[in-house]
Amino acid sequence: QVTLVESGGGSVHVGGSLSLSCVVTGDRSGGYCLGWVRQVPGKQREAVAAIDSDGDVSYADSVKGRATIARVSAKRTLYLHIDNLRPEDTGMYYCAADSAMYGVGKSGWCYSQYTDWGQGTQVTVSS
């Protein structure tokens, strides 16, 4: 079982930047694909970015060029940084881990389905 704990959310002005962190602990914390997924009430969850244990990354088109995902295995921490924030970046951001070692998929997803989720951290972008 994997435990994920996010931090770093908050309120930011349009055009600003934000960094999120996620500490990952448990049996699968080192060798699996990790990612960030966001959700707005009433809408489906949207992948933001994913990174596998080899450092391969995948980004959603909506954040490509503005976001950077990284993981530091020694710290068991996953990071997400987004520049030039837009109102549509608002949402609850979840850190997630998959249970297979197939790497990243398309559009910000890991190739395999996420099986473990953090509790989420709220990001609000306003003008």
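- Contact annotation: the side chain of V37 approaches that of Y114 to within less than 4.5 Å [non-hydrogen atoms, C-beta and beyond].
- Going from atom CD1 of I51 over to atom OH of Y79 covers 11.5 Å, rounded to the nearest 0.5 Å.
- S62 places no side-chain N or O within 3.5 Å of a backbone atom of A60 that could act as its donor or acceptor partner.
- In this structure, L34 and V24 have side chains that are in contact, with non-hydrogen atoms separated by less than 4.5 Å.
- Legend: salt bridge (charged side-chain N to carboxylate O under 4.0 Å, His left out) pairs involving residues 40-57, not counting sequence neighbours, sorted by first then second residue: R38-E46.
- Across all their heavy atoms, V2 and D116 have their closest contact at O-OD1, 3.7 Å.
- Using a 4.5 Å heavy-atom cutoff, the side chains of W36 and L20 are in contact.
- Across every non-hydrogen atom of S17 and D83, the tightest pair is OG-OD1, 2.8 Å.
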Quick one, Y59 with I69, criterion side-chain contact (heavy atoms from CB on, under 4.5 Å). Give me CA distance, side-chain angles, the key distance, then yes/no. CA-CA 9 Å; Y59 293 100; I69 187 171; 3.5 Å; yes

Start with the C-alpha distance between R66 and R86, add both sets of side-chain angles, then the distance that settles side-chain contact (heavy atoms from CB on, under 4.5 Å), and finish with yes or no. CA-CA 10 Å; R66 300 188 295 122; R86 305 167 180 171; 3.4 Å; yes

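- Although no hydrogens or angles enter the test, the distance criterion places a donor-acceptor pair under 3.5 Å between the side chain of T90 and the main chain of V125.
- Atom CE of residue M92 and atom OG1 of residue T124 lie 9.0 Å apart, to the nearest 0.5 angstrom.
- Look at D61 and K64 and you find a salt bridge, because one of the NZ, NE, NH1 or NH2 atoms lies within 4.0 Å of a carboxylate O, short of that distance.
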Side-chain donor/acceptor pairs under 3.5 Å, residues 102-112, sequence neighbours excluded:
none

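- With hydrogens and angles left out, the side-chain atoms of H81 and S19 include a donor and acceptor closer than 3.5 Å.
- Nearest heavy-atom pair, L4 versus C22, reported as atom, atom and distance to 0.1 Å: CB-SG, 3.8 Å.
- In the hydrophobic clustering of ILVMFWY residues, with side-chain heavy atoms under 4.5 Å counting as a link, V63 and V14 come out together.
- Residue D98 comes nearest to Q113 through the heavy atom pair CB-O, 3.5 Å, listed as atom of the first residue, atom of the second, then distance.
- No side-chain heavy atom of L80 sits under 4.5 Å from any side-chain heavy atom of T68.
- Contact detail for L85 and V12: the closest heavy-atom pair is CD1-CG1, 3.6 Å.
- Across G35 and L78, no two heavy atoms sit closer than the pair O-CD2, 3.8 Å.
- Between V40 and E88 there is no side-chain heavy-atom pair separated by less than 4.5 Å.
- Looking at Y94 and E6, their side chains come closer than 4.5 Å, going by heavy atoms from C-beta outward.
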